Number of protein chains: 2
Amino acid sequence: MTDIPRDRTDQSLIALRRILRATELYSRELAQSVGLTPAQLRVLQILAAHDGHDTPTDLAHQMGVSQATVTALVDKLVTRGMVSRVPSHTDRRQTHVTLTKAGEAAGKEAPDALQQRYVREFEKLEDWQQALILAALERVAAIFDSGRHDAAPVLTGGEIRAARHE
Amino acid sequence: MTDIPRDRTDQSLIALRRILRATELYSRELAQSVGLTPAQLRVLQILAAHDGHDTPTDLAHQMGVSQATVTALVDKLVTRGMVSRVPSHTDRRQTHVTLTKAGEAAGKEAPDALQQRYVREFEKLEDWQQALILAALERVAAIFDSGRHDAAPVLTGGEIRAARHE
DNA sequence: ATAGTTTACTTAGCTTACCAAACTAAACGG
DNA sequence: CCGTTTAGTTTGGTAAGCTAAGTAAACTAT
C-alpha cells in the first residue's frame with residue numbers, strides 16, 4: 001500500500017466513462033433503429049419480465065422515475081400500439097399497463113443490442129474471468145449505490161414525502 | 001427473457017445497470033446542487049482539461065453530440081457566466097469557448113459525482129482489489145466500445161483495442 | 001478576382017424525458 | 001358519511017437532443 005493509487009484510480013475512472021458513454025450513445029442509436037426511444041424500450045422490457053403487465057407505480061419504481069413520467073411514456077406506447085391500459089378489477093384505482101402482441105414483439109426484436117453484445121462477449125470468457133468481472137462490477141455498483149440515499153439535500157422547509165426514490 | 005435467474009451473465013448485467021442508474025441519478029442530483037445540469041458540467045470539465053478553451057466542434061466530438069446541441073449548451077453557460085465565446089483570430093469562422101473564472105470554479109467545486117464518490121471508495125481498497133476492478137472495468141469497456149463504429153471487431157482472446165480516447 | 005465549395009457555427013422548430021404541483025377518483029378507516 | 005391515503009393523470013415547465021436551413025469565413029479553381 002505504499003503505491004500511489006492515482007494511476008489506477010484514473011484509469012478505472014476512464015474505463016467507467018467509456019462504459020457510460022458507449023451505453024448512452026448506443027442506446028440512442030439502437031432505439032432509433034427500432035423506432036422506440038431508450039426509455040420506451042425499457043418499459044417494454046420491464047413489462048416482459050413481469051408477465052406482460054405491471055402498474056405505473058411499479059414501473060416508476062423500477063425505472064427510478066416519477067409516476068408522471070411513466071404516464072407520459074405509457075401514453076406514447078399506447079398510441080404506438082405497444083401497450084394498453086387495463087383497469088384492475090380488484091382495485092379500480094389501479095391500471096395495468098399491458099403488453100400488446102406488437103409490444104412484445106418489439107421488445108424482443110430489439111432486446112437491447114448493448115445487452116446482446118455484452119452477453120455474447122461475456123459468455124465467451126472463461127469461468128474465472130467471469131467471476132472476477134462479476135465481483136468487480138458488484139463492488140463498483142455497491143460503491144455507487146451506497147451514496148444513493150444520504151444525498152437528500154436542501155429542501156429543509158417542511159417535510160417532503162421523500163419516499164419517492166427507490 | 002427467462003424468469004430463472006440465469007447466472008453470472010445476468011448478475012453482471014444487473015450490476016451494470018445499477019452502476020448506470022446510480023450514475024445517472026446521482027449526476028442529476030449533484031449537478032442540481034451546483035445549479036448546473038450534467039451536460040453543462042461535462043462541458044466545463046472538458047474545457048478544464050483543455051486549458052480552459054476549446055471549439056464547439058471539438059466539444060461536440062468529445063461529447064458525442066451534435067454541434068447544434070453544443071451551441072445550446074454553451075448559450076446557457078454563457079448566460080450563467082460560466083464561459084464566454086472568444087472569436088479566433090487565426091480563423092475567424094472559429095469560436096473559442098472559454099472558461100471564465102466562475103466556470104472554472106464551478107467545474108472544480110462539483111468535480112463530477114462519479115469521480116467524487118468513486119475515487120474516495122476506490123482508494124480505500126487494497127491494492128490487489130484495485131487491480132482486479134480496473135482490469136474488469138477495462139474489459140467491460142472494451143466490450144462496449146468494440147461495437148461502436150464498425151460491424152465486426154470479433155475480439156479474439158485477450159486482444160482488445162483501446163483506441164480513440166483523448 | 002470572383003464564383004463555387006467546404007467548414008464552422010448559429011437559428012429555428014421539433015421531440016423526448018423528466019419533474020413538481022394540482023387534480024380526480026377510488027379505497028379505507030373510522 | 002366524512003376525512004385520509006393511495007393510484008393515476010393533467011398541467012406547465014426545464015433541459016437535452018436532433019435535423020434542416022441559415023450566415024459567414026476560408027479555401028479552390030477557374
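All chains are named by letter (A, B, ...) in the order of the sequence lines, taking the proteins before the strands, and each is independently numbered beginning at 1. No experiment lies behind these values; they were computed from the predicted model shown.
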Residue pair A:Arg92/B:Asp58 against DNA chain C: nearer the 5' end by closest nucleotide is B:Asp58
Qualifying residues under side chain to side chain contact (heavy atoms under 4.5 Å, CB included), relative to A:Thr55, sequence neighbours excluded: A:Thr57, A:Asp58, A:Gln94, A:His96
Compile the donor-acceptor pairs under 3.5 Å between side chains in residues 77-86 of chain A and protein atoms, sequence neighbours left out, one pair per line.
| unit_1 | atom_1 | unit_2 | atom_2 | d |
| --- | --- | --- | --- | --- |
| A:Thr79 | OG1 | A:Lys76 | O | 2.8 |
| A:Arg85 | NH2 | A:Asp75 | OD1 | 2.1 |

Only counting residues at least two apart or in another chain, list the ones meeting ring-ring contact (aromatic ring centres under 6.0 Å, His included) with A:His50. none
Would you indicate which nucleotide in C:dC19, D:dG17, C:dA17 comes nearest to any side-chain atom of A:Gln40? C:dA17
Protein-nucleotides 2-7 of chain D N/O pairs under 3.5 Å:
| unit_1 | atom_1 | unit_2 | atom_2 | d |
| --- | --- | --- | --- | --- |
| D:dT6 | O4' | A:Arg93 | NH1 | 3.4 |
| D:dT6 | O2 | A:Arg93 | NH1 | 3.2 |

Just checking A:Ala39: base, sugar-phosphate only, or nothing, at a heavy-atom cut-off of under 4.0 Å? sugar-phosphate
Please list, by residue number, the residues of residues 70-90 of chain A whose heavy atoms come closer than 4.0 Å to an atom of DNA chain C; answer none if no residue qualifies. A:Leu73, A:Lys76, A:Arg80
Would you tell me if any nitrogen or oxygen in the side chain of B:Ser66 comes within less than 4.0 Å of OP1 or OP2 on D:dC18? yes
A:Leu132: hydrophobic cluster co-members (side-chain, 4.5 Å): A:Trp128, B:Trp128, B:Leu132
Counterpart residues, salt bridge (Lys or Arg N to Asp or Glu O under 4.0 Å), relative to A:Asp127 (two or more places apart): B:Arg8
Mind checking who shares a hydrophobic cluster with B:Leu134, ILVMFWY linked at side-chain heavy-atom distances under 4.5 Å? none
Scan residues 87-106 of chain A for pairs that pass salt bridge (charged side-chain N to carboxylate O under 4.0 Å, His left out), counting only residues two or more places apart or in two chains. A:Asp91-A:Arg93, A:Glu104-A:Lys108
Any chance the side chains of A:Tyr118 and B:Thr9 put a donor and an acceptor closer than 3.5 Å? no
